[in-house]
Amino acid sequence: MITDRIDAITLIPDAWRRPDPPPPKSVKIEISPRCNYRCGFCALRTREVQPKWDMDIALFKRITREMREAGVEEIGLFYLGESFMAPRLLVDCVRYLKHELAMPYVFLTSNASMAFPEAVEACMAEGLDSLKWSVNAADEEQFERIMGVSGKLFHRALENIETARTVRARGGYPTKLYASSIRYDGEQQERMERLLEARVIPFVDTHYWLPLYSMGAFAIEREEQLGYRPTAGNQGRLGALREPLPCWSAFTEGHVTAEGRLSACCFDATANWTMGDLNTHSFMECWNSKPFMALRAAHLKKDVTGTVCEKCLAYG
């Protein structure tokens, strides 16, 4: 199940609790840094200029081959952007990973609004193992307020979620379909549950809940405007929350930006947590670079004072 995979990544095994851990089992790669949403809680809003380009396929092929040779077993074809903004590139990446590298597990998270049936089926046909929808608004009004875009996309996303189930059944594809949602409080949570029961859960294999992450403290600036309170850092999913220090994100999962930078943080939209440049160095050179080892050493001591992680809400 997807929750088992998530929990396996967010739990730091003893062998990884060191400044120079083995290669991660999972890496998320931002093949497209673009997104058609402007979510109030998302780290993407911290970018002064939103990018209009995507990852170079040659770079993608080289670094994923290095990852596979190092022992990486799972590749997520997303990081912060919406990968269905670049559907042809997305399909090419799935094809390369599954047919050229024999990557055991390839997964994707999407807001669903751009996940049109043709692109979804192409990904499934190439061997995509997991497709998860992120559903975080109960109605059109809330969607426009929090996601910051037209309510038409709210309805389009729900239609695409339903259609993906039909596409999978028609083609007999083994791709698993999942969905996750932010858990709110009180009446808002009840509204979310009604929507999910009617429009999402019938069309996925598993749905699970997430806390509202702080996205590197940015969400706190918006909590009064949007009416919610984020939790500290990224402590995993509800039901299996992890201690904030050491942060699993720096030890058990790689995060690669579309420019080819390896980041220590799963919310790094501004390259503040860059630990290495994959354009000039190999994946393992970046994974155990001097800056990354120094940062991990601080995490293991549970004292990130003076590091790029110092201002994260999780450690305040």
Side-chain angles (χ1 to χ4, degrees), residues 9 12-13 15-34 43-44 46-47 49 51 53-81 83 86 89-90 92-94 96-97 100-107 216 234 246-301 304 306-310 312:
I9 296 300
I12 308 175
W16 272 260
R17 290 178 176 268
R18 50 187 291 175
D20 58 341
K25 296 298 182 183
S26 179
V27 178
K28 291 178 180 176
I29 303 175
E30 187 180 52
I31 65 169
S32 177
R34 299 178 290 142
L44 285 179
T46 63
R47 288 175 172 164
V49 178
W53 41 266
D54 302 312
M55 176 173 266
D56 177 70
I57 188 64
L59 174 63
F60 175 85
K61 290 181 177 181
R62 179 179 65 76
I63 63 175
T64 52
R65 182 171 293 280
E66 291 174 354
M67 292 172 189
R68 186 71 188 109
E69 291 172 350
V72 173
E73 298 177 352
E74 303 180 7
I75 294 289
L77 291 173
F78 69 102
Y79 177 18
L80 296 174
S83 295
L89 175 61
L90 174 59
D92 288 344
C93 290
V94 176
Y96 180 74
L97 291 173
E100 297 294 327
L101 298 186
M103 188 65 66
Y105 192 75
V106 179
F107 62 106
N234 183 347
C247 179
W248 63 269
S249 179
F251 290 82
T252 59
E253 185 175 75
H255 304 91
V256 180
T257 68
E259 300 98 326
R261 298 189 180 102
L262 180 66
S263 177
C265 182
C266 49
F267 299 138
D268 187 10
T270 53
N272 288 335
W273 284 263
T274 296
M275 297 291 119
D277 187 350
L278 292 166
N279 292 282
T280 56
H281 294 80
S282 72
F283 174 69
M284 286 307 298
E285 286 175 329
C286 294
W287 179 248
N288 284 328
S289 65
K290 289 183 179 180
F292 216 161
M293 288 194 291
L295 181 63
R296 292 194 189 105
H299 275 249
L300 291 168
K301 294 177 182 177
V304 293
T307 74
V308 292
C309 297
E310 181 175 11
C312 180

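All of these numbers come straight from a predicted model, not from anything done at the bench. Index from 1, following the sequence.
- Scanning for side chain to side chain contact (heavy atoms under 4.5 Å, CB included) contacts around Thr307 gives Leu295, Ala298, Val304, Cys309, with sequence neighbours left out.
- With hydrogens and angles ignored, the 3.5 Å screen pairs no side-chain donor or acceptor of His281 with any backbone N or O of Cys286.
- For the side chain to side chain contact (heavy atoms under 4.5 Å, CB included) test, residues two or more places apart in sequence or in another chain that qualify with Ala297 are Pro19.
- Between Pro33 and Trp53 there is a side-chain heavy-atom pair separated by less than 4.5 Å.
- Taking both residues in full, the closest heavy atoms of Asn279 and Leu59 are given as OD1-CD2, 3.7 Å, listed atom of the first, atom of the second, then distance.
- Remark: Glu69 engages no residue in a side-chain hydrogen bond (donor to acceptor under 3.5 Å, both in side chains) (not counting sequence neighbours).
- Counting only heavy atoms from C-beta outward, the side chains of Arg68 and Met103 approach each other to under 4.5 Å.
- Taking Phe60 as the reference, nothing meets the ring pair (Phe, Tyr, Trp, His ring centres under 6.0 Å) condition, with sequence neighbours excluded.
- Proximity of Leu89 to Ser83: side-chain heavy atoms (C-beta onward) are nowhere separated by under 4.5 Å.
- Rounding to the nearest 0.5 Å places CG of Leu97 at 7.0 Å from CD1 of Ile29.
- Applying the side-chain hydrogen bond (donor to acceptor under 3.5 Å, both in side chains) rule to Arg65 yields the partners Tyr96; only residues at least two apart in sequence or on another chain are considered.
- The backbone N or O of Ser249 sits nowhere less than 3.5 Å from a side-chain atom of Glu253 that would complete a donor-acceptor pair.
- Looking at residues two or more places apart in sequence or on another chain, you find no side-chain hydrogen bond (donor to acceptor under 3.5 Å, both in side chains) involving Asp56.
- Taken from CE in Met55 to CG in Leu90, the straight-line distance is 13.0 Å, to the nearest 0.5 Å.
- The shortest side-chain heavy-atom distance between Ile12 and His299 does not fall under the 4.5 Å cut-off.
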Show me, pair by pair, the donor-acceptor contacts under 3.5 angstrom made by side chains of residues 73-81, not counting sequence neighbours?
{"unit_1": "Glu74", "atom_1": "OE2", "unit_2": "Arg5", "atom_2": "NH1", "d": "2.7"}
{"unit_1": "Tyr79", "atom_1": "OH", "unit_2": "Cys265", "atom_2": "O", "d": "2.4"}
{"unit_1": "Tyr79", "atom_1": "OH", "unit_2": "Asp268", "atom_2": "N", "d": "3.4"}

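- Residues passing the salt bridge (charged side-chain N to carboxylate O under 4.0 Å, His left out) test with Arg261 are Glu259, sequence neighbours excluded.
- The line from CG of Asp20 to CE of Met293 is 6.0 Å long, rounded to the nearest 0.5 Å.
- You'll find the side chain of Lys28 stays beyond 4.5 Å of the side chain of Cys266, heavy atoms only.
- Here Asp54 pairs with Ser32, Arg34 under the side-chain hydrogen bond (donor to acceptor under 3.5 Å, both in side chains) rule; sequence neighbours left out.
- Considering only residues two or more places apart in sequence or on other chains, Pro21 meets the side chain to side chain contact (heavy atoms under 4.5 Å, CB included) condition with Trp16, Arg18, Trp287, Asn288, Arg296.
- Of all heavy-atom pairs spanning Ile9 and Ser26, the tightest one is CD1-CB, 3.6 Å.
- Contacts of Arg62 classified as salt bridge (charged side-chain N to carboxylate O under 4.0 Å, His left out), with partners at least two apart in sequence or in another chain: Glu66.
- Separation of atoms CH2 (Trp273) and CZ (Phe292) is listed at 12.5 Å; rounding is to 0.5 Å.
- Closest heavy-atom contact between Phe283 and Val27: CZ-CG2, 4.0 Å.
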